[in-house]
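Here's the structure we're looking at; comments come further down.
Counting convention: from 1, in listed order, for ligands and their atoms alike. Since the structure is predicted, the reported quantities are computational estimates derived from the model, not experimental observations.
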Amino acid sequence: MKQKPKWKTISLSVIGFLVAFQFYQPARNVYDGQVEGSDFIQVYNPPKAVNQILEKSCYNCHSNNTKYEWFDYIQPGRMFVESHITNGKQDLNFSEWSNYYRGKQERLLQSIVTQVEKNEMPLLSYLWLHPEARLTKDEKQALINWIKDKK
Ligand code: HEC
């Protein structure tokens, strides 16, 4: 006789696993809520519109201070959020801007333009849950123009 799948046991194990998973909460990316002197915005003092774009769409992954939403704490999402922050900061950390040597700053400024033009940033998977980070055409242009003008 063929054994029937034990759906009840299977679903209970899945639920149990998800509940246990919630206890895994990696360290949060919050420095002390202060803007550091080395911060990109402190260094360049861009117009307010540009600040807002960077803060709402980029700083959560590319700075030392993430503004978490309640659902960012729910696993397995939490794991992805934290790995995006780690990888994002490794490539570009706006909080550490003035500590980068000049060549690196120039390469990164160019890279920001390319990433935004090609819609690679903010990451698509992030936008599903954080639609407020989506940039309008005008916002993208404002950011790109400001970077191009300041060179
Ligand atoms: C959800 C997190 C997240 C957000 C939000 C985000 N990024 Fe990223 N960013 C990453 C990750 C992760 C990488 C590393 C490369 C990859 O995985 O694609 C990256 C890479 C980059 C790079 C490449 C750096 C290099 O070395 O050339 C640039 C530039 C960049 N991001 C700019 C931005 C800008 C500008 C914004 C806002 C408009 C933004 N990112 C928003 C996570 C994010």
List the atom of [X], the atom of [Y], and the distance in Å for their closest heavy-atom pair.
X    : Y    : result
S63  : N29  : O-ND2, 2.9 Å
R78  : Y68  : NH2-OH, 4.1 Å
Y44  : Q105 : OH-OE1, 4.1 Å
P122 : A133 : CG-O, 3.6 Å

*Would you tell me which option among S83, C58, S57 has the nearest heavy-atom contact to atom 5 (C) of ligand 1?*
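Going through S83, C58, S57 one by one, S57 has the nearest heavy atom to atom 5 (C) of ligand 1.
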
*For atom 23 (C) of ligand 1, the option (of A133, S111, P122) bearing the nearest heavy atom*: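 Among A133, S111, P122, the closest heavy atom to atom 23 (C) of ligand 1 belongs to S111.
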
*asked:* Closer than 3.5 angstrom, by distance alone: can the side chain of E96 be matched with the main-chain N or O of Y100 as a donor-acceptor pair?
replied: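 Between the backbone of Y100 and the side chain of E96 there is no qualifying donor-acceptor contact (under 3.5 Å).
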
Please write down residue, atom name and distance for the protein heavy atom closest to [atom].
atom                    : result
atom 22 (C) of ligand 1 : Q115 CG, 3.9 Å
atom 3 (C) of ligand 1  : C61 SG, 2.7 Å
atom 14 (C) of ligand 1 : D91 OD2, 3.3 Å
atom 19 (C) of ligand 1 : M121 CE, 3.1 Å
atom 11 (C) of ligand 1 : G88 CA, 3.6 Å

*For ligand 1, note which part of Q90 has a heavy atom under 4.0 Å away: side chain, backbone, both or neither.*
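Neither part.
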
*Report the part of L92 in contact with ligand 1, treating N, CA, C, O as backbone and CB onward as side chain, heavy atoms under 4.0 Å; options are side chain, backbone, both, neither.*
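Side chain only.
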
Hey, could you give me the [atom1]/[atom2] distance between [X] and [Y], rounded to the nearest 0.5 Å?
X    : Y    : atom1 : atom2 : value
L143 : N51  : CG    : CG    : 11.0 Å
Q52  : E139 : CD    : CD    : 9.0 Å
D91  : M121 : CG    : CE    : 8.0 Å

For [X], take its heavy atoms, then give the atoms of ligand 1 lying under 4.0 Å from any of them.
X    : answer
I112 : 29 (C), 35 (C)
N87  : 12 (C)
Y126 : 1 (C), 5 (C)
R107 : 25 (C), 26 (O), 27 (O)

*So, D72 and H130: side-chain donor and acceptor under 3.5 Å apart, yes or no?*
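A donor-acceptor contact under 3.5 Å links the two side chains.
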
*Is there side-chain contact between F94 and I112, with heavy atoms separated by less than 4.5 Å?*
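Yes, close enough: below the 4.5 Å cut-off.
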
*Measure the acute angle between the ring planes of F21 and Y24, then classify it against the limits of 30° and 60° as parallel, tilted or perpendicular.*
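Plane angle under 30°, so parallel.
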
*Is there a heavy atom in L123 that sits closer than 4.0 Å to ligand 1?*
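Yes, L123 has a heavy atom closer than 4.0 Å to ligand 1.
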
*What do you think, any protein heavy atom under 4.0 angstrom from atom 40 (N) of ligand 1?*
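Under 4.0 Å from atom 40 (N) of ligand 1, at least one protein heavy atom found.
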
*Right, does atom 16 (C) of ligand 1 have protein non-hydrogen atoms nearer than 4.0 Å?*
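Given the 4.0 Å limit, the answer for atom 16 (C) of ligand 1 is no, no protein heavy atom qualifies.
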
_H62 near atom 8 (Fe) of ligand 1: N/O/S under 2.8 Å_ =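 Yes - counting backbone and side chain alike, H62 has an N, O or S atom under 2.8 Å.
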
